[in-house]
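Have a look at the structure below before the remarks.
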Amino acid sequence: MAILGAINPILTVGWDGDAAWRLQDYVKRGGYKALARIFEDRISPDQLIGEIKKSGLRGRGGAGFPTGLKWSFMPKDFKDGKYIVCNTDEGEPGTFKDRDILRCNPHAVIEGMVIAAYAVGAARGYNYIHGEIWDMYKRFEEALDEARAAGFVGQDILGSGFDFELFAHHGYGAYICGEESALLESIEGKKGQPRFKPPFPASVGLYGKPTTINNTETFAAVPFVLNMGAEAYLEAGKPNNAGTKLFSVSGHVNRPGNYEIPLGTPFATLLEMAGGMRGGRKLKACIPGGSSAPVLPAEVIMDCTLDYDAISKAGSMLGSGAVIVMDETTCMVKALERLSYFYHEESCGQCTPCREGTGWLYGIVHRIEHGAGRPEDLDLLRGITANIMGRTVCALGDAASMPVQGFLKHFRDEFEYHVENGKCLVPPEVQRAGSTFFKATV
Amino acid sequence: MLDIEIDGKQVQVPPGGTIMDAARALGTYIPHFCYHKKLSIAANCRMCLVQVEKAPKPLPACATPVTNGMKVFTHSELAAAAQKGVMEFLLLNHPLDCPICDQGGECQLQDLAVGYGGTASRFREAKHVVLHKDVGPLISMQEMSRCIHCTRCVRFGQEIAGVMELGMANRSVHSEIQTFLGRSVDSELSGNMIDLCPVGALTSRPFRYSARSWELSRRKSVSPHDSLGTNLTVQVKNERVMRVLPRENEEINECWISDKDRFSYEALNSAERLSKPMIRVDGALREVEWNVALDYLAHALKDVARNHGAESIAALASPHSTAEELYLLQKVVRGLGSGNVDFRPRRSDFSSDGKRAGTPWLGMRIAEIGELDAALVVGSFLRKDHPLFAQRLRQLAKKGGKVSVVSVSGDDSLIDLHAQIAVAPRNLAGTLAGVVKAVALLRGAAVPAGLEEIEPGEQARAIAGSLAEAGKKAVFLGNVAEQVGQAGQLHALGAELARLTGASLGFIGEAANSVGGYVAGALPSAGGLDARRMFAQARKAYLLLGVEPEFDCANPQEAVAALRQADLVVAMTPFRNEAAMDYADVLLPLAAFTETSGTYVNTEGRVQGVGGVCRPRGDARPGWKVLRVLGNVLALPGFEYESSEAVRDEFIPAGASFVGNLDNGIDLPLAPVEGAAAVAEGLERIADVPIHFADALARRAPALQRTRDAAEPVARIHPLTFDRLALTAEARVKVKQGQGEVFLAVRADAGVPPGCVRVAAAHAATAALGEMFGPINVERA
């Protein structure tokens, strides 16, 4: 069971049983119908892109960019080979939805990619799957074999005359390869380092050719959008926040896992679906969109609905929908230390502010956590983030800075306490009481 | 054109450029580290962040394309804050060890830190340490903690040198510039990475810790090595050359120099310098004063002329000599009544002498190479013979020019070649004839007489195709094409190919004065003996100017034998050398290229005068002065020169930038070429001249001699021939030519044409051998 709960589900319908991922099962659930209808009804690429635009589908990888608009950026007259790339390099701490999509419904991704390829005129596609989910990679390869054998991928798809070859490509686990241009470099066999933009991938992408890159969940949603119609999909969510989304809930809840809910569902509802707070403790904070999203304190997040606009208004980001829940036993300094360490280690090292700045941020937070903080450190942290943000090649610098800013904004008192007293505001025994790790080992 | 504004100043720039380009056009300096005009844009240092109107964030000037009406602010509050922020980050893990850093005083980071850095650091954590690396004898990577990860060195390798020998491994602050595991940096252009490095991470290994940059005076010079005429800045301290750097000249070397140009200066200070004149008395060489040596020499020369006739005197000069030296040498020899003078010691075929329309040269300006649509290089170890010439062709190929090579080895030129053919030297002319015939067939022109039997191969047809297309094309004859026995035919075939295709024909030229020697007239008179025949028909007296026949001649065996039997051998040379100590009767210490004024005429006919940059070592004297006084002592007329310029004015019009009468035309009929069936019996030698053994200076530069390019020669044989001879890679082989034999390691090498043995010339280990391109015998030792 890969989905623990859902409200008005679209993507995850039928994700039951071990064979749900098979082509046969997918077709039974209505799979590849959208693709077949495109060819039967001779829907033009422009019509298709129009339909996706109308549906209001936004990229599910984190930035929330309108998918139809992105597809429309692809040059129509370019004849020398275009590419479709699926980003399954799901590396953001807290995010684990794409893994389950490949586990339970790989054919939806394949169908979505074939449709996208038809819409933008691409003849080749790659699904970049990150190195730690080898089983999912193998499963996707198997699903691809099924789709190829059934004529959904390859030459002359469904007798339409449209050719599209699709390949799986697995990475080796560098977080930066989830950044779209670093991902392209990695597919090309180079070191995964982001490219300077512009030019954007739609003009100079994989092997220098126009390329559309979308997240796994975005591609998986495409067939459903077409099957239910753009308007119905739009209405499944709320204006500007169309459809449903998978949320990966982790942290101090009773039932961590993936949940599919319409965008605009209150956070409280999701928390309830996830079994509520573990041990009945009090909610302290929540990172609503993956580790790079600024943290929100309990009173703010409890008033939020889960959609792009509401979370943004509250000062954070919906991101990839990774909801990290923290209860009152959490030391916020320690939590930030762990996050900063991640970004420090995962910076690609290419550009100066990120390579040097992320390590400096971590070093300072580490010092504060270990009782060696200085009063000026908190302002220094803010100053460093200001020097990183907006000055790097890619968004990793911002991703490393936003948590620091968020934690300092809402939990400055804990940092100050640390600096002044050299220890946690949350006593160690309380921290331990909230930890399954300590319970298991002590 | 786009109108943009930088700091309130209007500038018009062509579309497609960046803010950095526009700022440079305007003379506005934007701080930067990773940006370099000759390298691709990396935009990784972020130092060049500037404010652009309407842009929410500061943008990197190096990577941001200009748009019409753009307003850029390079010093605004936002821009300055961004630049200062980046500088703070750059200095976090930089050791700030400027007082002991070799780069101190000429360091981009140090300079910019003055303007953009803080007085004290806010960084209180431990600095990251990067371990040192050993990448060979030329580049020091001992202090890699200083690296700011600009990747200029990496991009240089990929883009200019054509081989990625350095890369940035690891992520985050653990990123390190390093070679592939266990490898060294072996590119013949590697030293440029030292110049490119904006900090003290990559430094010159021979120069390290020997001087501070502000102690050095910078003086202009020109490289005496290959034919490019590379412009140099020679840095001198206390009359001693401490370092050589490129002097930028977009028309010649751009901002690059080869490692040979950069590191050969070490030989100038070597213990092997000849410091006093020597004459042989009772069989032993003895140091004497100049006047004694010259008197002795004048008498000895007169004796030889009187007793054996003037034609028993011959003179051979190195093409690395200055034009003035070459001119005066021929003037002395002709003054004595002999016409036996030459400056082309590695040449073996002189059939084109007397048939040339003018001075052989490149056929075009060096800078025009980049404008070619197609180029064919015939007979060249391109990368090692002409590193920067090869670099230009590499860039040409990169932007779509079709570059092809027909030569005697399959060496990787690190150029994306259109076609490549490697054949035995004896088949070089036949192969080029194949290209000529294929072009004639393509063009529907008459097949030139003598080429009826030729059957052009697939690669030959591909080359012909590239040359037959419309556009600007060139055929270049390399060193091998001038050294092999069919040099005259190759010249004639090249001319025919040029005529048929409209391509220009050119000689790349072996040495710094390969054109200058012709201009100075250092050539045999009609009936005089050329560089080959003056040894084949042994003379009584030899004047050697800067040449070391055991390394520099087409057939060292023959040359040394002739010298040994002569009554009088005069070696005018900056260096003592073993062989000369044996055969020479008079040794005259010459000033090296940094110690004399003189002229080099490069391959494009460009006249480049140099002044001495420091005093000659010991009692050495500039060659032109020595020859001038010798003329006086011999009482020859016309030797009253007061300066080297006065000498030059006799053969190059004063003030000329380029010499005249450059013409590659030739009046030599094409000889009939035999068909493919003609296979010679026995093995044929292919002799490359290893890059760091090509001239007397490079041979004595210690650091260059420790490079991989200076490794002991190995006999390299095509695998099929290797097996036929029943050789094994473990055992050494006996290599024989004529009376000489040497023992060498042997290796199968598919790049060597079948039936050939590649044995380098110009090396002590092979000096006992004969003809560079002639029959050779190899057997198990």
Side-chain angles (χ1 to χ4, degrees), chain A residues 172-177 182 190-199 340-367 372-374 376-377 379-381 383-398 400, chain B residues 18 33-34 40-51 55-60 62-65 67 78-79 81-94 109 121-128 147-151 154 158 164 167-177:
Chain A
Y172 281 88
Y175 172 68
I176 193 59
C177 288
K190 301 175 194 157
K191 186 179 178 186
Q193 285 185 336
R195 298 173 181 169
F196 179 76
K197 283 154 280 196
S340 294
Y341 180 68
F342 175 81
Y343 289 105
H344 160 53
E345 283 297 330
E346 294 295 342
S347 165
C348 82
Q350 177 182 208
C351 72
T352 307
C354 178
R355 178 186 65 242
E356 304 292 338
T358 53
W360 197 6
L361 290 176
Y362 165 66
I364 295 172
V365 179
H366 177 79
R367 215 157 26 82
R374 302 188 185 90
E376 65 271 24
D377 280 347
D379 289 336
L380 182 55
L381 282 174
I384 296 169
T385 58
N387 278 347
I388 298 174
M389 289 185 76
R391 295 176 188 175
T392 50
V393 170
C394 77
L396 195 145
D398 290 22
Chain B
T18 62
F33 295 105
C34 70
S40 64
I41 299 296
N44 62 31
C45 78
R46 316 307 281 179
M47 193 63 208
C48 68
L49 289 173
V50 293
Q51 184 181 358
K57 306 187 285 191
L59 298 174
C62 69
T64 306
T67 53
L78 180 72
Q83 291 157 1
K84 285 179 178 168
V86 170
M87 178 54 77
E88 180 179 40
F89 286 132
L90 283 170
L91 296 180
L92 291 189
N93 283 300
H94 187 80
L109 185 64
S121 178
R122 299 191 287 172
F123 184 71
R124 306 289 182 82
E125 327 307 315
K127 292 205 185 222
H128 188 73
C147 173
I148 58 168
H149 307 89
C150 70
T151 68
V154 177
Q158 290 171 312
M164 184 178 174
M168 193 165 86
N170 304 332
R171 285 198 304 261
S172 183
V173 78
H174 312 297
S175 299
E176 290 183 20
I177 298 293

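The analysis underlying the following values was restricted to heavy atoms, covering all of them including side chains, and did not include hydrogens, waters or symmetry mates.
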Once you round to the nearest 0.5 Å, how far does CD1 of I384(A) lie from CG of L92(B)?
-> 7.5 Å
Pairs of heavy atoms under 4.5 Å with chain A: top-ranked of I41(B), L59(B), T151(B), N170(B) = N170(B)
Side chain proximity check, E88(B) to W360(A), heavy atoms < 4.5 angstrom | yes
Does the side chain to side chain contact (heavy atoms under 4.5 Å, CB included) test come out yes or no for E125(B) and I364(A), once each step is laid out?
-> CA-CA 8 Å; E125(B) 327 307 315; I364(A) 295 172; 3.7 Å; yes
By a 4.5 Å heavy-atom criterion (distance strictly below it), what part of R374(A) contacts chain B: side chain, backbone, both, or neither?
-> side chain
Tell me, yes or no, whether the heavy-atom count around K197(A) atom NZ, taken from other residues, nucleotides or ligands under 6.0 Å, exceeds 12.
-> yes
Given E346(A), E345(A), Q193(A), H344(A), the one that forms side chain to side chain donor-acceptor pair (under 3.5 Å) with R171(B) = E346(A)
Side-chain heavy atoms of E356(A) within contact of L90(B), under 4.5 Å | no
Distance-minimising heavy-atom pair for V86(B) and P353(A) | CG2-CG, 4.3 Å
Considering all heavy atoms of both residues, which atom of F89(B) and which atom of G357(A) are nearest to each other, and what is their separation?
-> CE2-CA, 3.5 Å
Which residues pass the side-chain contact (heavy atoms from CB on, under 4.5 Å) test with K127(B), sequence neighbours left out?
-> N93(B), L96(B), F123(B)
Atom NE2 in H174(B), atom OG in S347(A): separation rounded to 0.5 Å?
-> 9.5 Å
Interatomic distance, M87(B) atom CE to N387(A) atom CG [nearest 0.5 angstrom] | 13.0 Å
Could you tell me which of P65(B), C45(B), G85(B), C34(B) has the largest number of non-hydrogen atom pairs under 4.5 Å with chain A?
-> C45(B)
Kindly give the heavy-atom pair with the smallest separation between R355(A) and I148(B), and that separation in Å.
-> NH2-O, 3.3 Å
Could you tell me which non-hydrogen atom of A43(B) sits nearest to which non-hydrogen atom of V393(A), and how far apart they are?
-> O-CG2, 3.5 Å
Answer key: most heavy-atom pairs under 4.5 Å with chain A among K84(B), M47(B), R122(B) is R122(B)
Spacing of CZ belonging to F196(A) relative to SG belonging to C62(B), to within rounding of 0.5 Å = 7.0 Å
Side chain, backbone, both or neither of A126(B) within contact of chain A (heavy atoms, under 4.5 Å) = neither
Chain B heavy atoms under 4.5 Å from A174(A): which part of the residue, side chain, backbone, both or neither?
-> both
In terms of heavy-atom contacts, K191(A) and M168(B) come closest through NZ-O, 2.7 Å
Would you confirm whether R391(A), through its side chain, and R46(B), through its main-chain N or O, come within 3.5 Å as a donor-acceptor pair?
-> no
Non-hydrogen atoms of S175(B) and C348(A) that approach each other most closely = OG-O, 3.8 Å
Taking everything shown except Y341(A) itself, do over 12 heavy atoms lie less than 6.0 Å from its OH?
-> no
